[in-house]
Amino acid sequence: MKILLDTHLLLWAAADQLPPEAARYIEDNTNTLLFSPASLWEIVIKRGLGRADFVVDPAALSSGLFSAGYQELPITGRHALLVSTLPSLHKDPFDRILLAQAMSEGVPLLTSDKAVSKYPGSVIYVGA
């Protein structure tokens, strides 16, 4: 199964600090793990703002994701337009584009964010 990971799960995977439920999905070799450039962009922005939970070097993370076999899911215009159809359950633009990508591509979004888990569609909530 293809799975798109949210930004925090990518950070936790890189730091080897995944919640056990998330680790089951990520360590399952039958799954194809996807990441979005939106996650890298979010890290760049929030790291630049000095957020303590975004200290990882985004270039190193990107390289490590590719080395670990993750595949990048490019953002398309179709994804961007789908954001406008999402209910206003969550205002974070990074989470909203991740949701749109997952919905548009027919893949689940693996998240530890309770607000994101309330969206319709294929969202897998794994807690924190």
Side-chain angles (χ1 to χ4, degrees):
M1 159 172 66
K2 290 184 177 182
I3 302 172
L4 178 62
L5 276 71
D6 78 3
T7 305
H8 277 97
L9 289 177
L10 292 174
L11 291 170
W12 294 339
D16 200 26
Q17 297 176 340
L18 284 168
E21 190 177 350
R24 284 198 303 274
Y25 286 98
I26 293 169
E27 294 168 1
D28 182 342
N29 292 331
T30 65
N31 290 333
T32 300
L33 304 175
L34 306 173
F35 73 96
S36 172
S39 291
L40 299 176
W41 184 28
E42 180 178 14
I43 293 166
V44 166
I45 289 172
K46 292 181 178 177
R47 184 177 190 236
L49 294 172
R51 288 263 309 259
D53 52 341
F54 288 86
V55 296
V56 68
D57 175 10
L61 176 63
S62 178
S63 177
L65 291 171
F66 282 117
S67 294
Y70 286 67
Q71 295 177 11
E72 185 176 50
L73 179 59
I75 298 171
T76 67
R78 183 178 75 239
H79 299 148
L81 294 171
L82 186 58
V83 170
S84 70
T85 69
L86 295 174
S88 295
L89 302 174
H90 193 44
K91 300 294 184 193
D92 185 294
F94 300 107
D95 288 332
R96 291 175 64 80
I97 193 67
L98 292 173
L99 282 159
Q101 284 184 281
M103 291 171 72
S104 179
E105 300 299 322
V107 300
L109 175 64
L110 192 67
T111 186
S112 62
D113 186 323
K114 279 189 181 184
V116 172
S117 72
K118 294 181 185 339
Y119 277 91
S122 187
V123 177
I124 301 170
Y125 175 70
V126 291

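Nothing fancy with the numbering, it's 1 onward along the sequence. These numbers come from the heavy atoms of this one structure, side chains and all, not from hydrogens, waters or symmetry mates. A quick note: this is a predicted structure, and the numbers were derived from the prediction, not measured.
The shortest heavy-atom contact between A13 and Y70 is CB-OH, 3.9 Å. The nearest pair of heavy atoms linking P58 to V44 is CG-CG2, 3.6 Å. Between P19 and V126 the shortest heavy-atom distance is CB-O, 4.2 Å. The minimum heavy-atom distance linking P37 with E72 is given by the pair CG-OE2, 3.7 Å. The shortest heavy-atom contact between D113 and H90 is OD2-NE2, 3.5 Å. Here the closest non-hydrogen pair linking A100 and L82 is O-CD2, 3.3 Å.
Judged purely by atom type and a 3.5 angstrom limit, S117 uses its side chain to pair as donor or acceptor with the backbone of K114. The backbone N or O of L33 sits nowhere less than 3.5 Å from a side-chain atom of N31 that would complete a donor-acceptor pair. Side-chain N or O atoms of E42 include none that pairs as donor or acceptor with a backbone N or O of T7 at under 3.5 Å. At distances below 3.5 Å, at least one donor-acceptor pair connects side-chain atoms of S84 with backbone N or O atoms of L81.
In this structure, CZ in R51 is found 11.5 Å from CD1 in I45, a value given to the nearest 0.5 Å. In this structure, I75 CD1 and S104 OG are separated by 11.5 Å, a value rounded to the nearest 0.5 Å.
Using a 4.5 Å heavy-atom cutoff, the side chains of M103 and L86 are in contact. Here the side chains of R96 and Y119 are in contact, with some heavy-atom distance below 4.5 Å. Side-chain contact check for H8 versus D53: some heavy-atom pair is nearer than 4.5 Å. Between L49 and F54, every side-chain heavy-atom pair lies at or beyond the 4.5 Å cut-off. In this structure the side chain of L4 reaches within 4.5 angstrom of the side chain of Q101, judged on heavy atoms. Between L5 and Y25, every side-chain heavy-atom pair lies at or beyond the 4.5 Å cut-off.
Among L110, I3, L109, the one residue that satisfies the side chain to side chain contact (heavy atoms under 4.5 Å, CB included) test with L9 is L110.
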